[in-house]
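So the structure is just underneath, and the comments pick up after that.
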Amino acid sequence: MPIVAIDGPAGAGKSTIARALAKRLGLQYLDTGAMYRAVTAEALRKGLRLDDSDAVGSLAGECALHVGLDLVTIDGRDVTAEIRTSEVTAAVSVVAALSSVRTEMRRRQREWGDARGGGVIEGRDIGTVVFPDAALKVFLTASPRVRAERRVAQAGGDVEQVEASIAERDRLDSTRPDSPLAESSDSVVVDTSHSTIDEVVERIIALLGERT
Ligand code: DC
């Protein structure tokens, strides 16, 4: 079974598309952003300094982390809702920049893919670093304004402010030294600004058909 890597910036529609795609293909789905978010939520709860690479890295290595379709737990604690709070969203890029954390997350992501022999995996570095041999690498994007409008439609807020915070998170995610958000040379860029979910899913299924 193939690995389909779905990378791209915040709000491009990765989760919606990757979930729908996994369902259509009968593959399992992994949201790697939820993994970074869960570690961030637990580090905040424990009062760790978020830039303390050793402390947060140990937490990332030692915790029991479960990221399922509708449930996320860390050390048995349900953090499904907590990882979507503005507090966690504002802090996650700091934690995701730590190499100590990324090493542990990558190890878990590869184990997940190997155990299932494939799946649809979404994130920022899946096609570039985690699964460089993925059967298909999609870089999903949309204009900053469209991404902000989608977030506001989901969770409310002011479009200008949300657009600014998305831009800041993209900046942090794209400029970190360890596995930054970037297109892979062999990824297919799919702009979702003016497409429906079904159109994007069909396009990706067609691309996968061409490659496998
Ligand atoms: O996709 P998301 O917004 O839930 O991701 C949360 C953060 O985690 C995002 O700001 C960047 C980081 N992330 C990452 O660095 N690498 C991944 N593979 C997935 C997410």
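All ligand and atom numbering here is 1-based and tracks the order in the structure.
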Next item on the list: Output yes when the distance from some N or O of ligand 1 to some N or O of Tyr36 is under 3.5 Å, and no in every other case.
Entry: no
Note to self: Test of understanding: given a 4.0 Å heavy-atom threshold, classify the contact between Arg102 and ligand 1 as side chain, backbone, both, or neither.
What the structure shows: side chain
Check: Does a side-chain N-to-carboxylate-O contact under 4.0 Å join Arg84 and Asp31?
Finding: yes
Note to self: Show the atoms of ligand 1 that are less than 4.0 angstrom away from any heavy atom in Thr32.
What the structure shows: 17 (C), 18 (N), 19 (C)
Item checked: Basic-acidic side-chain contact under 4.0 Å: Asp125, Arg176 -> no
Item checked: Subset of ligand 1 atoms that lie under 4.0 Å from at least one heavy atom of Ala96 -> 12 (C), 15 (O)
Check: Contact between Ala10 and ligand 1, counting heavy atoms under 4.0 Å?
Finding: no
Note to self: For atom 1 (O) of ligand 1, what is the closest protein heavy atom, and at what distance to 0.1 Å?
What the structure shows: Arg124 NH1, 2.9 Å
Check: Short list, please: which atoms of ligand 1 are under 4.0 Å from a heavy atom of Asp173?
Finding: 9 (C), 10 (O), 11 (C)
Checklist line | Sidechain N-carboxylate O distance under 4.0 Å for Arg147, Asp170 | finding: yes
Next item on the list: Please state which part of Arg37 comes within less than 4.0 Å of ligand 1, counting heavy atoms only: side chain, backbone, both or neither.
Entry: side chain
Note to self: Strictly below 4.0 Å, N to O, side chains only: are Arg107 and Glu104 in salt-bridge contact?
What the structure shows: yes
Checklist line | Exercise: identify the closest heavy-atom pair between Ser195 and Val200 | finding: CB-CG2, 3.7 Å
Margin query: To check your reading of the model: name the closest protein heavy atom to atom 20 (C) of ligand 1, its residue, and the distance in Å.
Written below: Gly33 CA, 3.5 Å
Check: Taking 4.0 angstrom as the limit, do Arg77 and Glu82 come out as a salt bridge?
Finding: yes
Notebook entry, point to check: Would you call Arg176 a ligand 1 contact, heavy-atom distance under 4.0 Å?
Noted result: yes
Margin query: Is it the case that atom CD in Glu202 sees more than 12 heavy atoms from other parts of the structure closer than 6.0 Å?
Written below: yes
Notebook entry, point to check: Roughly how far, to the nearest 0.5 Å, is CE of Met35 from CD1 of Ile74?
Noted result: 9.5 Å
Item checked: Asp31-ligand 1 polar pair, N/O distance under 3.5 Å -> no
Check: Quick check: does Arg151 get an N/O under 3.5 Å from an N/O on ligand 1?
Finding: no
Margin query: Distance under 4.0 Å to a non-hydrogen atom of Ser93: what atoms of ligand 1 satisfy this?
Written below: 10 (O)
Notebook entry, point to check: Salt-bridged, Glu160 to Arg145, with N to O below 4.0 Å?
Noted result: yes
Check: Are any of the N/O atoms in Asp125 less than 3.5 Å from those in ligand 1?
Finding: yes
